[in-house]
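As the structure is a prediction and not an experimental result, all values here were calculated from the model.
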Amino acid sequence: MKKIGFLSFGHWSSSAQSATRSASDVLLQSIELAIAAEELGADGAYFRVHHFAQQLASPFPLLAAVGARTSRIEIGTGVIDMRYENPFYMAEDAGSADMISGGRLQLGISRGSPEQVVEGWRHFGYAPAEGETDADMGRRHAEVLLDLLKGEGFAQPSPNPMFPNPPGLLRLEPHAPGLRRRIWWGSSSNATAVWAAQNGMNLQSSTLKADESGEPLHVQQAKQIRLYRQAWKDAGHDWEPRVSVSRSIFALMNDRDRAYFGRGESSDQLGVIDNMRAVFGRSYAAEPERLIEELRADEGIAEADTVLLTVPNQLGVDYNAHVLESVLTHVAPALGWR
């Protein structure tokens, strides 16, 4: 394990028990949590994207703000649903956020998760081409984005421009050098992990995966990662990719931790999501010594280089900073971090 970050879904609720009662609360607290995580020594601040929900949605203003308020921590997404995205506009937004952060953007993209509304991407102006599924459309948008991030000119300049043009075809600006190698694909299946490797993207594997063998999530995830790495090698890319897995991990340090998360044993769950049989990973919650033993047996963590800790953002910045500090201080070093 080389890097540890947090992953926030950015929920808000009017509930009296929620520390995030509004979208404003979530956005501002997300910035503050990233600052706190950097001060604690964490490696990454990642944010989930969901449309039509009381959760974080438009990532680039938040990523730019986090980038402006921090200096070292990686900033990223896990993941942006490419069915909703104009890859041309997205390339400009991503380039701007990456430059504001000084080249720290780690952009997780994917086909996306089950939606709050029926075919929500149609409201954004997108529809699959003839013979395509919506998943095909998301992958097509991703391929266009990857092409644009190379920074090569493709647009014919006007013969009468408002401002002088450089010679040759024009590219989108601002272009962020190096960002192309910091694109990640969120994969729930072995096949899409292989596809991500073939297309030169890093791999994000979540707390759920298509159940392709009936084995525990961490075992299936480890096999997925090994397939990905072999596909990467076969593709002949000349740089080393990164792989992250997401986990819900809580070190029980005090009575409050035990009240929130000390509910006894947790196990993987099976379910159907988007007509796909899926395995949902267990939560880890125990005193540090036991937690270390359990995590050492997690094959997915052993195969990955980055772990993203899902955080209960509605419990507020201070408590989530405590959650991160507990893992970073009392658990992670025994697993090889730093």
Students should find that the hydrophobic cluster of L217, defined by side-chain heavy atoms under 4.5 Å apart, otherwise consists of L270, V279
Apart from V118 itself, members of its ILVMFWY cluster (side-chain separation under 4.5 Å) are none
**Asked** Using 30° and 60° as the class limits, which term best fits the ring planes of Y319 and F261: parallel, tilted or perpendicular?
**Response** parallel
Any idea how Y228 and W232 line up, ring-wise: parallel (<30°), tilted (30 to 60°), or perpendicular (>60°)? tilted
Applying salt bridge (charged side-chain N to carboxylate O under 4.0 Å, His left out), name anything that partners [X], two or more places apart in sequence or on another chain.
{"X": "R140", "value": "E132"}
{"X": "D136", "value": "R139"}
{"X": "D211", "value": "R277"}
{"X": "E173", "value": "R171"}

_Could you check whether E303 pairs with K223 (Lys NZ or Arg NE/NH1/NH2 to Asp/Glu carboxylate O, under 4.0 Å)?_
no
Over 12 foreign heavy atoms within 6.0 Å of [atom1], [X]:
{"X": "R226", "atom1": "CZ", "result": "yes"}
{"X": "D318", "atom1": "CG", "result": "no"}
{"X": "Y89", "atom1": "OH", "result": "no"}

Exactly one of S283, S206, S248 clears side-chain hydrogen bond (donor to acceptor under 3.5 Å, both in side chains) with T310, and that residue is S248
So, does [X] use its side chain to make a donor-acceptor pair with the main chain of [Y] at under 3.5 Å?
{"X": "S187", "Y": "A193", "value": "yes"}
{"X": "Q29", "Y": "A19", "value": "yes"}
{"X": "R338", "Y": "G41", "value": "yes"}
{"X": "Q220", "Y": "E215", "value": "yes"}
{"X": "D305", "Y": "V243", "value": "yes"}
{"X": "T192", "Y": "W195", "value": "no"}
{"X": "Y126", "Y": "N86", "value": "yes"}
{"X": "R296", "Y": "A334", "value": "yes"}
{"X": "S101", "Y": "G67", "value": "no"}
{"X": "R104", "Y": "I73", "value": "yes"}

[X]: side-chain hydrogen bond (donor to acceptor under 3.5 Å, both in side chains) partners, not counting sequence neighbours:
{"X": "Q204", "value": "none"}
{"X": "R48", "value": "S113"}
{"X": "K150", "value": "D147"}
{"X": "E119", "value": "R122"}

A side-chain contact here means heavy atoms from C-beta on lying under 4.5 Å apart; do [X] and [Y] qualify?
{"X": "T306", "Y": "Q106", "answer": "no"}
{"X": "D25", "Y": "W12", "answer": "no"}
{"X": "W185", "Y": "L146", "answer": "no"}
{"X": "W121", "Y": "H51", "answer": "no"}
{"X": "Q230", "Y": "V194", "answer": "no"}

| request: Answer yes if the ring centres of F250 and Y260 are under 6.0 angstrom apart, and no otherwise. | output: no
Given the rule in the side-chain contact (heavy atoms from CB on, under 4.5 Å) test, do V323 and F6 qualify, once you have shown the distances and angles that lead to the verdict?
-> CA-CA 10 Å; V323 168; F6 74 80; over 6 Å; no
Do [X] and [Y] sit in one hydrophobic cluster, given that two such residues count as connected whenever their side-chain heavy atoms are within less than 4.5 Å of each other, even indirectly?
{"X": "L335", "Y": "L309", "answer": "yes"}
{"X": "L208", "Y": "V49", "answer": "no"}
{"X": "L252", "Y": "L295", "answer": "no"}
{"X": "L56", "Y": "I109", "answer": "yes"}

Residues passing the ring-ring contact (aromatic ring centres under 6.0 Å, His included) test with H218, sequence neighbours excluded, are none
Passes side-chain contact (heavy atoms from CB on, under 4.5 Å), N313 versus T20? Steps please. CA-CA 8 Å; N313 75 281; T20 53; 3.9 Å; yes
Task: Check against side-chain contact (heavy atoms from CB on, under 4.5 Å), F88 and V144 - done: CA-CA 8 Å; F88 291 82; V144 174; 3.9 Å; yes
Side chain to side chain donor-acceptor pair (under 3.5 Å) pairs touching residues 72-83, sequence neighbours excluded, are Y46-E74, E74-R242, D81-R83, R83-D134
Would L107 and M90 count as a side-chain contact (heavy atoms from CB on, under 4.5 Å) here? Give the steps.
CA-CA 11 Å; L107 200 61; M90 185 178 180; 4.0 Å; yes
